[in-house]
Amino acid sequence: MSVQASFDIRDDDRRPPVDDLLGIVQRGLRARPKRLPSWLFYDERGSQLFEAICEQPEYYLTRSEIALMDAHAGDIADVLGPDVRLVEYGSGNAIKTRMLLEHLHAPVSYVPVEISAEPLRNSTQALNSSFPGVPVQALHADFTRPLRLPIPPRAPRRTVIYFPGSTIGNFEARDAAELLRKMRGEMGDNGGILIGADLKKDTATIEAAYNDKAGVTSEFTLNMLVRLNREIGSDFDLSSFRHRAHYNAMAGRIETFIVSTRDQKVRVGKQQVSFTEEEAMQVEYSCKYSPEDFAALAGKAGLAVTHEWTDPQGMFAVYYLMRAGAHVA
């Protein structure tokens, strides 16, 4: 029996209002130390730059995860089982998703959730063409907020939340556990979470991935200031700020900052914000996990690791989580 493909992008009208951006930035710049949320990276240009980062020779994460999926996608699909509704958080260009969809058994639908409209439309069109038998129900929304998932075209055996990449590492421990609890609610009693996480490894390898020689990561970081100048009318002078990322081994995370290279004042709305020379504004964490670390994080959200896969070089891991105490059907 043939399945008619569905191509639809829904806009979740509960996304935060754009006019609150100024308030978010002003509050962040009043904090001590100054900090801005990492989601500000992802305007259209930021999303393009992140795709370019993934192609840099130092950035092992994407290559490692693709190698993992190349080796294990069939096994992962067997674990998920037939008639799955796959809901992907932060779908981006959906490279890894393609590898999974090629092996899934009679998927009910694919629901990409993405806050950047243009990448969502592009990937949705491409997937709709490549997998005409899989209904695609795209959702333009912020996955960190409660989602109203579209009604599936038929009843799924289970809903699986797919969170590839290492985006879970961008959340501090408390926020990461809270996001996993939200996923647990959205997946339902019989559902699961398929999630990627970067493994702990030597400092030099990790730091090189966030300080590529071509300077793409630096441009990506400073593009946040370009976005703020455009969207809230601030007057950050990009030549007076630089990117800095270092690995905090004690905390197990990369810490990324925008650093002022001189004493200066920046206009943000009606405020004048002072920066001292070498003052660092925190813009992103990228946490790294041992398998034991990740199992403990999952446990805080009432979840348990039932399966674990790594790439051939042991750089990256993908975990399958279910409700603690649940049995794999």
I'd like to know if the side chain of H103 reaches the main chain of D75, judged simply by a donor and an acceptor atom lying under 3.5 Å from each other, with no hydrogens or angles considered. no
Only counting residues at least two apart or in another chain, list the ones meeting side-chain hydrogen bond (donor to acceptor under 3.5 Å, both in side chains) with D293. K200, S290
Residues forming a side-chain hydrogen bond (donor to acceptor under 3.5 Å, both in side chains) with S260, sequence neighbours excluded: Q264
dist S218:OG -> I53:CD1 (nearest 0.5 Å) comes out at 9.5 Å
Partners of E172 by salt bridge (Lys or Arg N to Asp or Glu O under 4.0 Å), sequence neighbours excluded? R35
Please tell me if the side chains of D43 and R230 come closer than 4.5 Å, counting only heavy atoms from C-beta onward. yes
Within the 4.5 Å heavy-atom criterion, are N223 and F50 side-chain neighbours or not? no
Is a side-chain N or O of R158 found less than 3.5 angstrom from the main chain of G192, in a donor-acceptor match? no
When you compare the side chain of L180 with that of I195, does any pair of heavy atoms fall below 4.5 Å? yes
Transitively linked via ILVMFWY side-chain contacts under 4.5 Å: Y285 with F41? no
Where is the tightest heavy-atom contact between N248 and E255, given as atom of each residue plus distance? ND2-OE2, 3.1 Å
Under a 3.5 Å distance rule, please check whether R184 uses its side chain to pair with a backbone N or O of A301 as donor and acceptor. yes
To the nearest 0.5 Å, what is the distance between CZ on F316 and CH2 on W309? 13.0 Å
Do the side chain of T306 and the main chain of Y320 share a donor and acceptor less than 3.5 angstrom apart? yes
Answer whether the closest heavy-atom distance between the side chains of R262 and D237 falls below 4.5 Å. yes
Y162 backbone acceptor or donor facing E88 side chain under 3.5 Å: no
To the nearest 0.5 Å, what is the distance between CD (Q48) and CZ (F220)? 12.0 Å
In terms of relative ring orientation, are F143 and F163 parallel, tilted or perpendicular, with 30° and 60° separating the classes? perpendicular
Should the ring pair F257 and H246 be called parallel, tilted or perpendicular, given that the plane angle runs from 0 to 90° and is split at 30 and 60? parallel
Smallest heavy-atom separation, P152 atom then P156 atom, equals CG-CD, 3.9 Å
F131 and V136: side chain to side chain contact (heavy atoms under 4.5 Å, CB included), yes or no, with the steps? CA-CA 9 Å; F131 300 94; V136 178; over 6 Å; no
Run the numbers on E284 and Y210 for side chain to side chain donor-acceptor pair (under 3.5 Å), then give the verdict. CA-CA 11 Å; E284 186 175 50; Y210 296 85; over 6 Å; no
Between the main-chain N or O of E277 and the side-chain N or O of D263, is there a donor-acceptor pair closer than 3.5 Å? yes
Close side-chain approach of Y247 and S286, heavy atoms under 4.5 Å: no
Side chains of K288 and K201, heavy atoms from C-beta outward: is any pair under 4.5 Å? no
Residues passing the side-chain hydrogen bond (donor to acceptor under 3.5 Å, both in side chains) test with T256, sequence neighbours excluded, are none
Distance-only, no hydrogens or angles: does the N229 side chain make a donor-acceptor pair with backbone N or O of F236 under 3.5 Å? yes
In this structure, CG of N128 is separated from OH of Y110 (nearest 0.5 Å) by 12.0 Å
Looking at OG1 of T221 and CG of L40, how far apart are the two atoms once the value is rounded to the nearest 0.5 Å? 12.5 Å
Which donor-acceptor pairs under 3.5 Å do side chains of residues 62-71 form with protein atoms, sequence neighbours excluded?
unit_1 : atom_1 : unit_2 : atom_2 : d
R63    : NH1    : Q56    : O      : 3.1
R63    : NH1    : P57    : O      : 3.4
R63    : NH1    : Y59    : O      : 3.2
R63    : NH2    : P57    : O      : 2.7
S64    : OG     : Y60    : O      : 2.9
E65    : OE1    : K96    : NZ     : 3.3
E65    : OE1    : G165   : N      : 3.0
E65    : OE2    : G165   : N      : 2.9

Should we say atom CD of Q313 is surrounded by more than 12 heavy atoms from elsewhere, each under 6.0 Å from it? no
Pair D311-H72, side-chain donor/acceptor within less than 3.5 Å: no
Got a sec, which residues hit salt bridge (Lys or Arg N to Asp or Glu O under 4.0 Å) with D189, two or more places apart in sequence or on another chain? R323
How about E186 and Y89: do any of their side-chain heavy atoms sit closer than 4.5 Å? yes
Are the side chain of N211 and the backbone of A245 linked by a donor-acceptor contact shorter than 3.5 Å? yes
Do side-chain atoms of Q137 reach the backbone of I151 as a donor and acceptor pair under 3.5 angstrom? yes
Take Q26 and R30 through the side chain to side chain contact (heavy atoms under 4.5 Å, CB included) test and state the conclusion after the steps. CA-CA 6 Å; Q26 289 177 331; R30 285 196 299 266; 3.8 Å; yes
Between T97 and L86, is a side chain to side chain contact (heavy atoms under 4.5 Å, CB included) present by the stated rule, with each step listed? CA-CA 9 Å; T97 313; L86 190 69; 4.3 Å; yes
With a 4.0 Å cut-off on N to O distance, would you call E278 and R242 a salt bridge? yes
Atom CG of L120 and atom CD of Q125: how far apart are they, to the nearest 0.5 Å? 9.5 Å
Are any non-hydrogen side-chain atoms of L147 and K182 less than 4.5 angstrom apart? yes
Quick check on the hydrophobic clustering: are L222 and V259 connected, directly or via other members, by side-chain heavy-atom contacts under 4.5 Å? no
For G233, is there any backbone N or O sitting under 3.5 Å from a side-chain donor or acceptor partner on R267? yes
Shared hydrophobic cluster, V283 / I24 (ILVMFWY, side-chain heavy atoms < 4.5 Å): yes
Side chain to side chain contact (heavy atoms under 4.5 Å, CB included) between V79 and I76, intermediate numbers included: CA-CA 5 Å; V79 168; I76 292 171; 5.7 Å; no
Nearest heavy atoms of L104 and P107, plus distance in Å: O-CD, 3.8 Å
